[in-house]
Participant: 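This is the structure I want to talk about, given as structure tokens.
Starting from 1, each residue takes its place in the sequence as its number. As the structure lists them, so they are numbered: ligands from 1, and atoms in each ligand from 1.
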Amino acid sequence: MSDDGDQDDDGRGGSGVSTITRTSPRTKRPSLYKVLLLNDDYTPQEFVVWLLEAVFHKGHDEAHQIMMHVHNTGVGICGVYTYEVAETKVAQVLELARRNEHPLQCTMERE
Ligand code: TYC
């Protein structure tokens with residue numbers, strides 16, 4: 001049989017099969033979103049630290065640093081996530097703030 005299903009049937013050494021190398025990845029990486037915390041004059045500092053530990057899994061020292069950065073500059077990044085994770089974190093922050101009657105604001109922004 002001239003074609004037994006194996007490659008290299010023409011006796012010229014090549015496989016007869018060419019390979020196209022991808023120039024772009026098959027899967028696109030998802031867009032990422034920063035979750036931002038905004039400063040206000042009323043939300044207690046310890047509540048913000050607690051929230052950064054509870055929602056964003058920050059250790060106490062990093063949570064305190066992020067809280068102070070927001071307190072001093074007006075805004076700070078809590079974390080960077082895919083769209084639905086970021087959306088869920090924002091909703092959790094706003095719900096915890098609402099339940100505790102704090103005016104804390106949180107938003108997300110595409111990187
Ligand atoms: N500025 C607040 C205070 O002094 C503390 C605070 C920090 C509030 C960060 C919000 O996102 C915030 N009590």
Participant: If you round to the nearest 0.5 Å, how far is CD1 of I77 from CD of E109?
Facilitator: 8.5 Å
Participant: Please write down residue, atom name and distance for the protein heavy atom closest to atom 2 (C) of ligand 1.
Facilitator: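 Going atom by atom, the protein heavy atom closest to atom 2 (C) of ligand 1 ends up being D40 O, 3.2 Å.
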Participant: Taking G79's backbone N and O only, do any of them form a donor-acceptor pair with K58's side chain (distance below 3.5 Å, no angle check)?
Facilitator: no
Participant: Where is the tightest heavy-atom contact between C106 and V90, given as atom of each residue plus distance?
Facilitator: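 Nearest pair, atom of C106 first, then V90: O-CG1, 3.6 Å.
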Participant: Looking only at heavy atoms, is any part of L38 under 4.0 Å from ligand 1, and if so is it the side chain, the backbone, or both, or is it neither?
Facilitator: backbone
Participant: For the side chain of D40 and the backbone of Y42, is there at least one donor-acceptor N/O pair under 3.5 Å apart?
Facilitator: yes
Participant: Could you pull out the closest heavy-atom pair between L38 and L104, with the gap in Å?
Facilitator: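 Distance-wise, the nearest heavy atoms are O-CD1, 3.7 Å.
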Participant: May I ask you to identify the nearest protein heavy atom to atom 4 (O) of ligand 1, giving residue, atom name and distance to one decimal place in Å?
Facilitator: H71 CE1, 3.1 Å
Participant: List every atom of ligand 1 that sits less than 4.0 Å from any heavy atom of L104, numbering the atoms from 1 in the order shown and giving each element.
Facilitator: 10 (C), 11 (O), 12 (C)
Participant: Report the relative orientation of the aromatic rings in F56 and Y81; use parallel for angles under 30°, tilted for 30 to 60°, perpendicular for over 60°.
Facilitator: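 Answer is tilted, since the angle falls between 30° and 60°.
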Participant: To the nearest 0.1 Å, how far is atom 13 (N) of ligand 1 from its closest protein heavy atom, and which atom is that?
Facilitator: T43 O, 2.9 Å
Participant: Could you tell me which atoms of ligand 1, counted from 1 in the order shown, lie closer than 4.0 angstrom to a heavy atom of L37?
Facilitator: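 Selected atoms, number and element: 11 (O).
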Participant: Can you tell me which residue and heavy atom of the protein come closest to atom 8 (C) of ligand 1, and the distance to 0.1 Å?
Facilitator: N39 OD1, 3.5 Å
Participant: In the protein, which heavy atom is nearest to atom 9 (C) of ligand 1, and how far is it?
Facilitator: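 Among all protein heavy atoms, the one nearest atom 9 (C) of ligand 1 is V70 CG1, 3.6 Å.
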